[in-house]
Amino acid sequence: MASITLLILAIILSFRTSGATSRGGLFEASAVTEKHEQWMARFHRVYSEESEKTNRFEIFKKNLEFVERHNMNTNITYKLDVNQFSDLTEEEFRARYTGVVVPEGVTRISSPDSDKKVSFRHENVSETGESMDWRQEGAVTSVKNQGQCGVCWAFSAVAAVEGITKIEKGELISLSEQQLVDCGRDINYGCKGWIMSEAFQYIINNQGITSEDNYPYLASQQTCSSTDPVAATISSYETVPSNDEEELLKAVSQQPVSVTIDGAGLEFQQYKSGIFDGDCGTDPNHAVAIIGYGVSEEGINYWLLKNSWGETWGENGYMRIMRGVDAPEGKCGLARYAYYPLA
Ligand SMILES: *[C@@H]1O[C@H](CO)[C@@H](O)[C@H](O)[C@H]1NC(C)=O
Ligand SMILES: *[C@@H]1O[C@H](CO)[C@@H](O)[C@H](O)[C@H]1NC(C)=O
C-alpha cells in the first residue's frame with residue numbers, strides 16, 4: 001500500500017516538474033524547435049526548402065506563443081492549441097480556409113436598421129428548451145474537411161440540407177459539396193467564396209443534390225459531371241431575420257441552420273475547446289452550420305457550430321461559442337446571415 005502511495009506521489013511530482021520545465025523553457029529556441037518538429041510530424045508537414053522552413057518556423061513560433069499566453073490566463077472560457085493551421089499567418093489562413101462572399105444584391109435579408117421583420121416558418125416557435133444538439137437526433141453527418149479551398153459555403157449549406165433531410169425523411173445521407181462547387185455557380189469561381197442561399201437556390205433549380213459517395217469532394221473546382229441519382233431535395237429556403245439571436249434560436253430548435261461568421265482571427269483559427277469568446281469582428285468571411293445550443297456547467301449560454309476544418313480543429317471539429325452577447329449581430333457576427341432549407 002505504502003509503495004503504491006509513493007509511486008503515485010513520484011508520478012505526480014515528476015509530472016509537475018516536467019510541466020514546470022517545459023513552461024519555463026517555452027520561449028527558448030530549442031524548445032520551440034522541438035515543438036515545431038513534433039508538430040510537423042503530427043500534421044505531416046514537409047518543407048522543400050530550408051528558407052521556407054525557417055520562414056514557417058517563425059510563424060509557428062508566433063502562433064505557439066500566442067496560444068501558450070492565452071492558455072496561461074486563468075480567466076478564460078476557452079482554450080487554444082496549435083493545429084494544422086499553425087504555420088500560417090492570419091492573412092494566409094483567411095485566404096485559404098474561409099470563403100464566404102455575400103454578393104451584391106443579397107438584400108432579401110432585413111437590414112439591421114429595418115424594423116420590418118421577414119416572416120419565416122419558425123417565427124411562432126415558443127418552446128425552444130434549454131438545449132438542443134442535432135447530433136443526438138442523428139441529423140448531423142461526421143465532420144468534413146474543406147481542405148485548402150475556400151468553399152465553406154458549400155459545407156455549411158450541405159450540413160443544413162443533410163439535417164432537414166434526416167428530420168423530414170428519416171434518413172441521414174452525406175451529401176455532395178463538390179456538386180455545388182462544380183455545378184452550382186455559372187462562372188469559373190474555383191475555390192473562391194460564395195453564399196449558402198445561392199447554393200440552396202441551385203439545389204431547388206436542379207431538383208436535388210446527389211450523395212457524397214456519388215460525387216466526392218476534391219477541394220478544387222472541376223467540370224460539372226453527372227449528378228444522378230438525386231439523394232435529397234429541398235422545396236425552398238428561408239432567411240432568419242438578421243441580427244436577432246432570439247429568432248435564430250427558434251430556427252435552430254427546429255433544424256440545423258447555415259450561418260456566416262468572422263472566422264478569420266488568430267483565436268478562431270487555433271480554437272481548441274470551451275466556449276469561444278475571442279476577438280473577432282462581425283463581417284462575414286466564413287460559413288458554418290449551427291447544429292444546437294445549450295448552457296455550460298458554468299452557466300454560460302452557447303451555440304454549437306459544425307465547422308469544415310476536419311476533426312483536429314476545436315472540439316473534434318465543433319465549436320461552442322457565446323450565445324446572447326451584447327451585440328445584435330451575435331458573437332463574430334453569426335446572427336447576420338442565417339438561412340435554412342425546407343424539405
Ligand atoms: C474575467 O473575464 C470577464 C469577462 O471577460 C470579466 O467580466 C471579468 O472582470 C474578468 N475577471 C477577472 C478577475 O479578470
Ligand atoms: C405566426 O403567428 C401569426 C399570428 O397568429 C400569424 O399571422 C403567422 O402567420 C404565423 N406564422 C407562421 C409561419 O405560421
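Whatever order the structure lists them in is the order used to number ligands and atoms, beginning at 1. Nothing fancy with the numbering, it's 1 onward along the sequence.
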ring-ring contact (aromatic ring centres under 6.0 Å, His included) between H70 and Y78, intermediate numbers included: CA-CA 9 Å; H70 172 87; Y78 67 99; 4.5 Å; yes
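Close approach of ligand 2 to F120 is summarised as follows: ligand atoms under 4.0 Å from at least one heavy atom of the residue are 13 (C). Here is the list of ligand 2 atoms found below 4.0 Å of a heavy atom in R121: 13 (C). In the vicinity of N124, heavy-atom distances shorter than 4.0 Å reach the ligand 2 atoms 1 (C), 2 (O), 3 (C), 8 (C), 10 (C), 11 (N), 12 (C), 14 (O).
The closest protein non-hydrogen atom to atom 9 (O) of ligand 2 is E123 OE2, 4.4 Å.
Using a 4.0 Å cut-off between charged side-chain N and carboxylate O, K62 and E90 make no salt bridge. A salt bridge links E315 with R320: the distance from a Lys NZ or Arg NE/NH1/NH2 to an Asp or Glu carboxylate oxygen falls below 4.0 Å. Salt-bridge check for R94 with E91: failed, with every basic side-chain N at 4.0 Å or more from each acidic carboxylate O.
Distance check on atom 2 (O) of ligand 2: some protein heavy atom falls below the 4.0 Å cut-off. Distances from atom 11 (N) of ligand 2 to the protein include at least one heavy-atom value under 4.0 Å.
Residue F85 forms a ring pair (Phe, Tyr, Trp, His ring centres under 6.0 Å) with just one option from F60, F268, W309, W313, and that option is W309.
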